[in-house]
Asks: 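One structure, pasted below without further comment.
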Amino acid sequence: MAGDMKGRSDCDLDIISMQCDNEARYRKQITITRPIFTEETFQEGYRISTSNSSATAKLRRSCTSNLSSLSGHGLCLAVLKFFPIIGWLKEYNWRKDIIGDVISGLTTAVMRIPQEMAYALLATVPAVYGLYSAFFPVILYAVLGTSKHISIGTWAVVSIMIGNAIDAVIDVELSNINNGTSEMAEMTSGISAEDNTMLRVQIATSLCLLVGIIQTLMGVLRLGFVTNYLSEPLVRGFTTGAAVHVFTSQFPKLLGIKTTRRTGVITLVYTYIELFTKLKQTNPCAVIMSVLALMMLILIAEMNDLQAHKSWCRREGRKGKKLPIPSELFVVICATLASYLGRFEFKYNLSVVGDIPTGVPVPTVPSLRGSMSLFGSAFAMAIVGFAISISMAQLFAKKHEYEVEANQELIAYGSCHIFGSFFRCFPHATSMSRTAVQEGSGGKTQLAGIISALVVVVILLRLGPLFSQLPQCILGAIIVVALRGILRQIKDLPLLWKVNNVDFAIWLLTFLCVCLLGVDLGLLCGVGIALVTIVLRTQIPNSSIIGAIPNTDIYRDVARVPDAREIPGIKIFCFSSSLCFINADNFKNSLFQKVGINPQKLLIAKHKGDINKKLEYSHCDEEPRNNVHQVQTIIIDCCMFNYIDTVGVKTLQTLITDYDKVDIRVVLANCKETVRQSLLKSATLNKKEAIGLDRMYLTLHDAVADHMPSQKDDNFKHVGVKIQNEISYETGV
């Protein structure tokens, strides 16, 4: 049987070039002859691999793989995987790449120093802690990270999340002091301004440790796929909304106004109300310095952007890249000198950074008291930070043709956070602007990051006190200008509206939720909105009746393709989703509506004696509308079924049984392996209504060819199928 089937199923391909009369080109023609296959006859004629994909077999293979890794060679590979620096250092071209990494490291450091101090103030901790976060995590990531180009450090969105989390914890603890329920009562009761600063630092380091633990556990458990649930429109809408919070938080610094920090719902509204009521308290010196700094930073930033698109080096006929102008450092130096020489702090009551201690902090164990109240914020920071970091890493990995490993990245980020928490660092992520500068200025590996970190050490050991008179309004201006790239994401909306309305809704609703409800709650709402859209699209997918393109084996939606024609006596139904409990009722109702026959209603009518005639439906094609044909077969195209659950199986079984009672045969086509196995296993639930392989066809064309009543009827000529227990069709020219 097998040999006979195999012999009969060999494809006879006859390719003929035919010259078109009016066009100087050729259209190929193909003729195929093979038997009609159900899944049953196909498996009788051909061997099917029965690989064991059960959970037990997968666990056994995983254990075997892990045991094999304990060998000498396996241990070496594990070490190389855990410490990627060994791999790229072995292949490092010192003559070719070292100059680029050194220049990139110095350039990034020049940009890093003012940004790290500014983002530290955004996180409501002293500026020096931003410099700590610019050194310890960067060194460790160079050892453990798989990306060669991203710049680890503080980031505006994560910093605003830290500041909100710290404010929320302190507000709760202060409100609980009186009734003695506070875990930090002894620290928060009657604290001075200096003690309040140290408390904020302690909470920030606790957050850093929690974020590190969460990310490390996710990496060990191989949960790098979690960020797949954060779609690009969601992430971009979230970061744009968070940037609005960051932008708003810098207005008091730019204007020299003292405002109340708030957390919770619609804080933006309250903040702007307070700003407008306190405009009379504006510090003229702060406003003048902010305006001058913003003008300088924006001008130089635009020049750098123009330079990135229109290379000066090409016009000069040189190889290489022109370095970006270090606008942040230039503005910081000028503003610090002006503030120091003019004694702005004392003459004009201008807020400055204050004392920056020299030296590297002594490692201390971070406290986990009150960690339960921080866990939600830490989890949000861990997910958001990883999502941004891995997306940037994958972007540059694709550009430079290497790979990053998501789970190893999680372990690297988590280790950086845990290690940094012992040196008073706060949570960090990948900075998009610094990463672009590090790569654009010639950086080849993380050696550039190490060099930038060493420059930060020099600042910490020797030059820190020189920045004590730096006005805070200048750091606010640096943050505002650094947000340009994120705020420009608002341009996504017109394109998303044209391409995909659902993605447009996700972006806009996430943005509005973040702006109105706060960063953490807004992110949660955005994820919920995205999941709801997935559920709705699964619950109410598209469905259609499919027809045949004349003289081909191609089938298309008759409502969308005018040339596609329904086959008399056969209805082909396509459902554009997997079949499960969410959409089982919709599947059944859509089938009844598209086919035009509800067997349940017809059976009820028959029992009442209202109808006795055979079931008929009107078939509309080129023939007159009064041409009536009997429905004999319904073919369900299962090509979109990636899986089917027990509810879906029962739905199919019920449909097949009900249609059999009214003399209409229901068959399936294009069933995937997982769907076939689910249908076959369903026999244990109901053996009488079990769906066998004889009802499943390899393709739609097999099902159509096997159920066409007669070739003598002229209505069937357009299908192009010859029935001799074989499929034989020719494509027209």
Side-chain angles (χ1 to χ4, degrees), residues 228-235 237 492-493 495-513 524-547 555-562 564 566 571-602 617 631 634-659 664 666-672 674-676 678-679 682 691 700:
N228 294 336
Y229 294 100
L230 302 180
S231 65
E232 184 178 353
L234 187 152
V235 172
D492 294 348
L493 289 176
L495 179 61
L496 288 176
W497 177 256
K498 295 178 181 178
V499 175
N500 191 311
N501 292 340
V502 174
D503 286 342
F504 173 87
I506 292 173
W507 196 108
L508 184 60
L509 291 176
T510 302
F511 171 78
L512 293 176
C513 287
L524 182 62
C525 291
V527 173
I529 291 168
L531 292 179
V532 166
T533 61
I534 295 174
V535 171
L536 289 177
R537 282 187 279 189
T538 303
Q539 186 175 359
I540 314 174
N542 292 326
S543 58
S544 58
I545 290 294
I546 295 178
Y555 296 82
R556 290 292 183 267
D557 184 354
V558 295
R560 294 181 177 273
V561 182
E566 291 188 51
K571 284 284 189 178
I572 306 175
F573 177 73
C574 181
F575 192 70
S576 301
S577 175
S578 297
L579 185 57
C580 59
F581 71 97
I582 295 177
N583 55 28
D585 284 340
N586 181 264
F587 171 83
K588 181 174 64 176
N589 295 331
S590 297
L591 178 63
F592 292 162
Q593 180 185 4
K594 297 291 183 181
V595 172
I597 299 175
N598 186 332
Q600 298 170 351
K601 292 183 178 180
L602 291 175
Y617 77 98
V631 179
I634 296 175
I635 303 172
I636 299 177
D637 185 4
C638 301
C639 66
M640 302 298 290
F641 291 11
N642 292 316
Y643 68 92
I644 182 171
D645 65 2
T646 55
V647 176
V649 171
K650 290 180 181 179
T651 301
L652 285 180
Q653 290 174 340
T654 302
L655 286 172
I656 290 173
T657 301
D658 289 347
Y659 275 111
I664 296 178
V666 177
V667 296
L668 312 178
N670 293 323
C671 294
K672 295 182 172 67
T674 54
V675 175
R676 290 199 302 270
S678 296
L679 293 173
S682 66
I691 302 174
L700 279 177

Asks: Where the side chain of Ser543 meets the backbone of Cys574, is there a donor-acceptor pair that is under 3.5 Å apart?
Replies: no
Asks: Taking atom CD1 of Ile664 and atom CG of Leu655, what is their separation to the nearest 0.5 Å?
Replies: 11.5 Å
Asks: Report, one line per pair, each donor and acceptor closer than 3.5 Å where one atom sits in a side chain of residues 584-599; sequence neighbours left out.
Replies:
{"residue": "Asn589", "atom": "ND2", "partner": "Asp585", "partner atom": "O", "Å": "3.1"}
{"residue": "Ser590", "atom": "OG", "partner": "Asn586", "partner atom": "O", "Å": "2.7"}
{"residue": "Asn598", "atom": "OD1", "partner": "Gln600", "partner atom": "N", "Å": "3.1"}

Asks: Listed by chain and number, what are the side-chain contact (heavy atoms from CB on, under 4.5 Å) partners of Leu495, not counting sequence neighbours?
Replies: Val499
Asks: Roughly how far apart are Ile582 CD1 and Ile540 CD1, rounded to 0.5 Å?
Replies: 11.0 Å
Asks: Go through the structure and list residues passing ring pair (Phe, Tyr, Trp, His ring centres under 6.0 Å) with Phe511, not counting sequence neighbours.
Replies: Trp507
Asks: Not counting sequence neighbours, which residues clear salt bridge (charged side-chain N to carboxylate O under 4.0 Å, His left out) with Arg676? List them please.
Replies: Glu39, Glu673
Asks: Run through Ile529, Thr510, Thr533 and flag the one making a side chain to side chain contact (heavy atoms under 4.5 Å, CB included) with Leu234.
Replies: Thr510
Asks: Can you name the side-chain contact (heavy atoms from CB on, under 4.5 Å) partners of Asn542, sequence neighbours left out?
Replies: Ser576
Asks: My understanding is that only residues two or more places apart in sequence, or in another chain, count here; which of them pass side chain to side chain donor-acceptor pair (under 3.5 Å) with Ser577?
Replies: Asn583
Asks: Which heavy-atom pair separates Lys571 from Glu566 by the least distance, and what is that distance?
Replies: NZ-OE1, 2.7 Å
Asks: Under the rule for side-chain contact (heavy atoms from CB on, under 4.5 Å), what residues qualify as partners of Ala564, not counting sequence neighbours?
Replies: Ile549, Arg556, Val558, Val561
Asks: Under the rule for salt bridge (charged side-chain N to carboxylate O under 4.0 Å, His left out), what residues qualify as partners of Asp503, not counting sequence neighbours?
Replies: none
Asks: So if I apply the side chain to side chain contact (heavy atoms under 4.5 Å, CB included) rule between Ile644 and each of Thr651, Val675, Thr674, which one comes out positive?
Replies: Val675
Asks: Which residues satisfy the side-chain contact (heavy atoms from CB on, under 4.5 Å) test with Val235, sequence neighbours excluded?
Replies: Leu230, Thr239, Ile388
